[in-house]
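Structure, as structure tokens:
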Amino acid sequence: MKNHENSIILENVSCARGNRTVINNVSLKITSGKNFIIKGQNGSGKSTFLRMLAGFQKNVNGKILFNGESIFTNQQEYQNNIFYLSENNPIKNTFSCYENLFFWAEIEGMENNIQEALKFQKLENLKNLPAKFLSMGQKRRLNLSRLAITQKKIWLLDEPVNGLDEESILRLCELIKKHLANKGIVVIATHVDLNLETDTFYL
Amino acid sequence: MKNHENSIILENVSCARGNRTVINNVSLKITSGKNFIIKGQNGSGKSTFLRMLAGFQKNVNGKILFNGESIFTNQQEYQNNIFYLSENNPIKNTFSCYENLFFWAEIEGMENNIQEALKFQKLENLKNLPAKFLSMGQKRRLNLSRLAITQKKIWLLDEPVNGLDEESILRLCELIKKHLANKGIVVIATHVDLNLETDTFYL
Amino acid sequence: MFKIFLSIVKRDLKLSYKQGNTSLNIVIYFFLSVSLFPLGVGPETELLSKIGPGIVWVSALFSSVLSLDKIFQADFEDGSLEIFNLTAIPLEFLVLAKALAYWLTSGLLLVILCPIFGLILSMSSKSILYLTITMLLGTPTLILVGSIGASLTVGLKRGSMLISLLILPLYIPILIFGVSAIDASINDVSAKPQLLLLGSLLCFSLVLSPIASAAGLRINME
Amino acid sequence: MFKIFLSIVKRDLKLSYKQGNTSLNIVIYFFLSVSLFPLGVGPETELLSKIGPGIVWVSALFSSVLSLDKIFQADFEDGSLEIFNLTAIPLEFLVLAKALAYWLTSGLLLVILCPIFGLILSMSSKSILYLTITMLLGTPTLILVGSIGASLTVGLKRGSMLISLLILPLYIPILIFGVSAIDASINDVSAKPQLLLLGSLLCFSLVLSPIASAAGLRINME
Amino acid sequence: MLENRLDIRNYMKKLHKLANPGKFYRLSEKILPWSNLLAISLCALGLYLGLFIAPPDYQQGESVRIIYVHVPAATLASFVYAIMAVASAISFIWKNPLGNFIAKSAAPIGAVFTIIAIITGALWGKPTWGTWWIWDARLTSVLILFFLYLGYIAIWQVFEDQNKAAKAAAIIAIVGAINLPIIRFSVDWWNTLHQGASIIRLDGPSIHQDILIPLIFMWLGFLSYLISLLIIRIQSEITLQKIRAIQILISEQK
Ligand code: HEM
Ligand SMILES: Nc1ncnc2c1ncn2[C@@H]1O[C@H](COP(=O)(O)OP(=O)(O)OP(=O)(O)O)[C@@H](O)[C@H]1O
Ligand SMILES: Nc1ncnc2c1ncn2[C@@H]1O[C@H](COP(=O)(O)OP(=O)(O)OP(=O)(O)O)[C@@H](O)[C@H]1O
Ligand SMILES: [Mg+2]
Ligand SMILES: [Mg+2]
């Protein structure tokens with residue numbers, strides 16, 4: 001499965017938040033192997049867009065098709081393909097970096113790759129530090145290091161490089177390229193220009 | 001007082017976090033009227049540096065002088081000069097934007113300027129929306145809008161433009177320039193390049 | 001599936017240990033709370049043994065429910081819940097796992113300790129036996145029922161007031177059956193009906209509350 | 001200065017109103033706890049009225065401190081506390097303002113409600129009067145003392161239950177004086193010494209607890 | 001534990017002033033042998049007098065002899081807390097670490113005295129009152145004292161940063177001191193089963209000489225023992241701080 005073409009197609013999709021339609025009649029195609037970046041002003045609906053793709057939004061009109069099938073027909077199965085990185089970091093302050101990562105790895109059944117994941121974001125030295133002592137960027141990097149573990153096909157990354165230093169951004173870009181080479185899907189919402197070959201969509 | 005020269009001078013300042021010395025023997029001068037930017041990798045101590053200037057860090061060695069006087073001798077008085085923008089947003093989710101801002105304004109005795117502050121970050125339309133419905137960038141902007149109200153001389157901004165769109169960044173830069181023109185002090189920790197004339201310090 | 005279930009339980013136990021909601025603390029809280037009542041009511045042993053079951057039960061309620069309303073809060077706020085949603089296990093299992101971990105660190109301990117408190121409150125050995133049994137059946141139910149309320153109020157949308165108004169009174173039947181089972185045993189009436197009711201309440205809530213809580217979480221997650 | 005004090009109180013009242021469930025939870029827990037004892041004791045009114053004051057007091061204590069340990073938590077975590085630190089008012093005033101707001105949404109409510117509960121527990125009108133007076137004097141003290149513990153544990157995710165270990169013992173004098181004042185009034189002895197003691201405890205804690213709490217907050221703020 | 005190098009330098013300086021060439025160490029080294037000697041001899045004497053010479057009580061019989069352990073332990077339980085509170089207050093106000101060391105070292109000792117008082121009291125209560133335990137004000141306030149000790153000890157464990165722990169613990173010690181007058185006067189304020197004050201009274205002690213004298217010996221013996229223990233524990237606490245400081249310095253230099 002991993003090296004097959006995958007695609008997400010949106011047809012006339014609208015999505016409301018509260019009583020405002022945030023995403024209005026969007027049609028587009030997201031293909032595997034190519035990075036897809038969403039840009040737009042604050043509050044234009046980038047995060048909403050990603051949440052919609054992850055199946056978290058309820059008030060969705062129109063069709064969203066993953067490999068030809070609506071994502072809502074087999075939602076649980078579809079959602080198993082998704083790696084979603086939200087604006088927050090799902091990190092427990094009292095757990096060390098290692099423990100935090102270990103738990104998420106366990107949930108995915110990938111406990112063996114943790115060392116590698118820590119190395120990917122240069123967190124080996126901080127391995128045993130409780131996460132509450134991490135700086136903001138370090139926390140984000142700990143969250144991002146889940147990417148090095150996951151086997152999921154669709155990566156939805158909401159402002160992944162927020163607060164990261166340049167070096168970390170480069171490392172992230174490398175990983176994304178690798179995933180794309182494996183025919184994965186990557187959708188990123190960001191304000192920062194990344195050095196990636198992209199389809200860009202303006203909300 | 002407002003239009004006088006102000007300066008912060010650090011002499012051989014060190015500061016520790018946990019059992020690690022994060023800031024090591026730093027000597028520098030921050031002058032009013034010129035933007036001062038701190039750069040460095042994640043975890044290099046930028047936030048610690050700002051917290052130290054705000055008087056929040058305890059394990060500080062060396063001298064920190066504001067207008068020639070150590071900031072620790074009259075700490076309460078010195079701290080009254082400080083506007084500190086942390087990495088978090090001190091926003092109550094159940095309060096509307098207006099209510100959030102109103103409270104901080106009241107604390108500073110500046111309730112009359114709220115409309116202006118909301119306008120500054122284009123939040124007029126969201127005025128009555130509970131803050132939990134704001135997008136990440138909008139929250140940051142709400143926090144930043146406190147800048148338009150404050151009368152404080154020293155601005156310490158920790159990653160102020162995190163998650164902001166370009167337009168908002170420009171508006172912020174305008175405000176900073178205005179403050180500098182009034183001989184204010186601005187110290188910013190950030191990874192993003194701002195279009196400002198700066199002294200830059202690498203940690 | 002079961003492995004993931006276990007690892008959630010393990011994580012929650014570890015979290016509660018690291019956050020210091022350790023067994024010791026709960027014991028002390030319970031102990032203090034039980035010992036406050038005699039202070040308020042006076043030291044006459046006969047009176048104490050009479051209201052003893054009520055005291056132990058109310059103290060158990062307070063100490064086991066103390067932080068129950070926040071059981072999903074942290075996972076909700078930091079986005080962990082969303083990640084759970086993207087794994088193979090259904091949310092119902094997550095609820096069950098979290099409730100189990102919570103019970104292991106609070107309810108179970110109270111059950112083990114309540115004979116001691118029965119002695120302190122001069123209860124007879126028979127009513128202590130019944131106290132222990134009712135607590136064993138009742139505390140998990142308290143926690144399961146409480147988790148429904150916690151799931152519904154996790155996002156703190158408007159109207160959360162109404163929800164807690166609905167859920168909190170659900171503790172009442174558990175308390176009433178628990179206390180009256182012990183009373184029955186004291187008066188040499190069979191306590192079987194009460195125990196059966198408590199047992200069936202437990203079974204009910206074991207099935208219903210994960211479903212209801214998961215639904216509640218989904219509502220608030222949008 | 002006073003204006004800022006007021007605006008903090010106002011904010012906290014508004015916050016607790018918007019988050020809805022806190023005051024209501026308190027009332028419901030109070031109600032649950034108080035109404036359970038007639039059940040354990042049986043309906044003999046004489047007995048009930050005897051243990052009534054103790055029960056109301058202990059219940060009030062538990063329900064009013066239920067969420068007290070979180071009184072500074074939100075402000076600490078989102079950085080509001082740091083901003084307070086940069087204003088002209090000392091942290092001690094902030095503590096006082098927050099304690100006042102907390103009391104208005106919890107303690108005051110219990111004071112207003114306790115005549116009703118006194119009636120439920122068949123207490124005489126005289127002891128209900130004294131119950132109300134002692135609660136009026138005692139609940140603010142409870143909250144002020146509790147805020148010390150809350151300030152000490154605010155930064156520690158670990159050890160949030162520790163507050164009970166630290167602070168509950170300190171509630172006991174308040175409880176004892178409160179109950180014994182009512183007992184004295186029932187036995188037609190003057191309750192003046194107890195009331196005076198309660199009053200002086202209140203005065204003490206009004207002065208000491210803001211200082212101690214502010215010191216605790218400063219420790220945890222680093 | 002000392003958290004960082006900068007602080008350690010200051011700390012070492014302070015410690016040196018206090019400990020190494022300082023007054024405390026020299027003074028304590030002088031006191032220690034004497035307090036040891038006094039503790040052993042006074043207790044031996046008191047026990048001999050109390051158990052073999054003093055007559056049994058005409059009401060309570062032989063069980064009255066528990067008094068020779070119960071009363072010293074009970075009074076010292078409060079006394080140690082008072083020391084803790086004062087030492088904490090001093091070190092909190094004048095930012096001197098020695099007070100914290102004293103308080104930290106005293107807490108477990110006080111907790112043990114409290115436990116001894118409670119256990120001996122319970123043992124005594126069974127024959128005289130017919131019950132091990134009742135919830136009256138004296139007994140309960142002593143139990144609270146025990147919890148306060150536990151809380152104080154716990155707070156040192158909960159904070160990672162020992163400087164913070166010291167301050168937090170100091171606050172608790174000071175605030176908890178409110179319990180002391182309650183213990184002392186509980187027998188006057190409430191009618192309880194427990195004995196009223198019979199030794200330290202304005203109008204002189206109201207118990208018989210034969211019991212009073214061994215009791216005083218025991219009390220002084222306990223006090224000497226307390227002083228010995230305290231000195232040893234403070235010394236080891238100071239040494240421990242130094243070892244940790246040096247360890248951190250070494251690890252920083254690597
Ligand atoms: C667990 C039960 C008990 C506890 C916790 C306890 C506690 C105490 C305390 C704290 C004191 C010291 C009071 C002070 O410093 O002023 C004390 C003194 C004393 N206790 Fe107890 N006690 C208990 C049981 C008993 C019993 C059963 C008796 C004898 C009937 C007894 C007889 C005394 C006497 C004679 C004194 C000396 C009173 C004075 O002169 O101040 N105690 N006890
Ligand atoms: N208690 C502690 N023990 C050990 N290390 C700590 C402790 N507290 C903070 N640190 C470390 O202090 C360093 C400085 O953190 P700081 O937040 O100042 O970094 P920063 O430059 O702002 O980074 P970022 O760009 O990620 O915001 C980090 O490496 C952090 O891990
Ligand atoms: N319940 C609601 N009622 C009204 N508007 C809402 C509600 N919830 C969200 N919104 C609005 O939805 C819009 C989309 O938010 P979203 O988080 O998707 O923006 P975004 O593009 O990610 O912005 P940012 O760049 O700041 O992250 C925002 O304008 C927000 O104010
Ligand atoms: Mg967004
Ligand atoms: Mg930072």
Side-chain angles (χ1 to χ4, degrees), chain A residues 16-20 22 38-51 86-89 97 121-123 125-126 128-145 158-172 189-193 202-203, chain B residues 16-20 22 38-51 86-89 97 121-123 125-126 128-145 158-172 189-193 202-203:
Chain A
R17 255 193 135 177
N19 43 24
R20 245 190 66 216
V22 176
I38 310 156
K39 295 217 155 196
Q41 292 194 323
N42 292 137
S44 58
K46 300 180 294 301
S47 301
T48 308
F49 188 85
L50 289 187
R51 292 179 59 81
S86 71
E87 287 162 334
N88 300 327
N89 301 319
C97 296
Q121 280 294 351
K122 292 255 149 66
L123 291 167
N125 297 333
L126 304 168
N128 294 317
L129 195 70
K132 71 172 147 189
F133 295 132
L134 294 179
S135 79
M136 193 171 106
Q138 288 168 336
K139 270 193 191 148
R140 195 72 184 154
R141 271 155 56 187
L142 175 56
N143 192 4
L144 280 173
S145 65
D158 201 348
E159 321 230 12
V161 302
N162 235 352
L164 255 54
D165 56 25
E166 279 168 43
E167 214 183 299
S168 313
I169 295 181
L170 286 178
R171 280 197 302 266
L172 175 67
T190 184
H191 294 285
V192 181
D193 283 320
Y202 289 90
L203 265 175
Chain B
R17 260 200 130 168
N19 45 25
R20 248 190 64 214
V22 175
I38 310 156
K39 295 217 156 196
Q41 293 194 323
N42 291 138
S44 58
K46 299 180 294 301
S47 301
T48 308
F49 187 86
L50 290 186
R51 292 179 58 82
S86 70
E87 287 162 335
N88 301 328
N89 300 321
C97 295
Q121 280 294 350
K122 294 255 149 68
L123 290 166
N125 297 332
L126 304 168
N128 293 317
L129 196 68
K132 70 174 148 190
F133 296 130
L134 294 180
S135 78
M136 193 170 105
Q138 287 168 337
K139 270 193 190 146
R140 195 71 183 156
R141 270 156 56 188
L142 174 56
N143 192 4
L144 280 173
S145 65
D158 201 349
E159 320 232 10
V161 301
N162 235 351
L164 253 56
D165 56 24
E166 277 167 46
E167 211 182 302
S168 314
I169 295 181
L170 286 178
R171 279 196 303 265
L172 176 67
T190 183
H191 295 284
V192 181
D193 284 319
Y202 289 88
L203 265 177

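Below, chain A is the first sequence line, B the second, and so on; all start at residue 1. The structure displayed is predicted, hence computed values, not measured ones.
- Residue contact with chain B, scored on non-hydrogen atoms closer than 4.5 Å, is absent for A:R17.
- Of all the listed residues (B:G40, B:S168, B:G45, B:G137), the one sharing the greatest number of non-hydrogen pairs under 4.5 Å with chain A is B:G137.
- At least one donor-acceptor pair under 3.5 Å links the side chain of B:D165 to the backbone N or O of A:N42.
- For A:E167, the part sitting under 4.5 Å from any heavy atom of chain B is the side chain, from C-beta outward, and nothing else.
- Heavy atoms of A:S44 lying under 4.5 Å from chain B are absent altogether.
- Under the salt bridge (charged side-chain N to carboxylate O under 4.0 Å, His left out) criterion, A:E166 pairs with no residue at all, not counting sequence neighbours.
- Interface remark: A:E159 contributes side-chain atoms only to the contact with chain B (heavy atom separation under 4.5 Å).
- Under the 4.5 Å side-chain criterion, counting only non-hydrogen atoms from C-beta, A:M136 is in contact with B:N162.
- Counting heavy-atom pairs under 4.5 Å between each of B:R140, B:K46, B:K39, B:R141 and chain A puts B:R141 at the top.
- Across all non-hydrogen atoms, the minimal contact from A:S135 to B:G43 is OG-N, 3.4 Å.
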